[in-house]
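Below you'll find the structure, written out as structure tokens, and then a few comments.
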Amino acid sequence: MVVGNLQYHLQYLEKKNMIRALNDGDYVRYFVKDRSLSETERKIMSFLRRSGCRHILLQLLNNPGMNNKEISQAVGLSPSTVSWNLNKLVEAGIIEREKNRQDK
């Protein structure tokens with residue numbers, strides 16, 4: 001389908017209150033209007049559509065408390081890419097950052 005046609009139909013469905021658009025900063029995500037998803041659930045679904053974020057979230061669910069280096073090695077992404085994704089997840093309130101201070 002041509003992008004213009006797709007945009008037209010999505011806008012039409014949104015005007016008819018059949019779908020809801022959520023702009024997550026990088027993409028516009030569309031959700032069926034009558035489904036009862038909370039704002040947080042919609043945010044999580046948006047992040048799960050991103051491969052890097054999805055892999056990071058799965059790692060954190062299975063191994064809470066991982067650091068940037070451990071996540072980077074586990075998901076096969078550079079530390080800077082992992083850091084960028086983690087910052088986006090923290091800003092959205094999906095995860096929390098906890099500094100680990102070890103006394104020596």
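Model, not experiment: these values are computed from the prediction.
Of the inter-residue distances, the one linking Leu6 atom CG with Leu10 atom CG reads 4.5 Å to the nearest 0.5 angstrom. The NZ atom of Lys15 sits 13.0 Å away from the CG atom of Asn17 when rounded to the nearest 0.5 Å. Between the CE atom of Met45 and the CZ atom of Arg49 there is a distance of 8.5 Å, given to the nearest 0.5 Å. Rounding to the nearest 0.5 angstrom, the gap separating the CD atom in Glu14 from the CZ atom in Arg20 is 9.5 Å. Atom-to-atom distance recorded for Trp84:CH2 and Cys53:SG is 6.5 Å, nearest 0.5 angstrom.
Partners of Arg29 according to the salt bridge (charged side-chain N to carboxylate O under 4.0 Å, His left out) rule, which considers only residues two or more places apart in sequence or in another chain, are Asp24.
At a cut-off of 3.5 Å, with distance as the only test, no side-chain donor of Ser38 or Thr40 sits close to an acceptor on the other residue. Donor-acceptor pairing under 3.5 Å is lacking for the side chains of Ser80 and Ser83. Side-chain atoms of Arg50 and Asn85 form no donor-acceptor pair, as typed in the model, at a separation below 3.5 Å.
Heavy-atom contacts from other residues, nucleotides or ligands closer than 6.0 Å to CZ of Arg54 number more than 12. Around the OH atom of Tyr8, the shell of radius 6.0 Å holds no more than 12 heavy atoms that belong to other residues, nucleotides or ligands.
For residues 65-76, the set of pairs meeting the side chain to side chain donor-acceptor pair (under 3.5 Å) definition, not counting sequence neighbours, is empty.
For the pair Phe31 and Ile19, the minimum side-chain heavy-atom distance is 4.5 Å or more.
With side-chain heavy atoms closer than 4.5 Å counting as contact, directly or through intermediates, the hydrophobic cluster containing Leu48 also holds Ile44, Phe47, Ile56, Leu57, Leu60, Met66, Ile71, Val75, Leu77, Val82, Leu86, Leu89, Val90, Ile94, Ile95.
Proximity of a side-chain donor or acceptor of Asn5 to a complementary backbone N or O of Met1 within less than 3.5 Å is not detected.
When all heavy atoms of Ala92 and Lys43 are compared, the pair lying nearest together is O-NZ, 3.6 Å.
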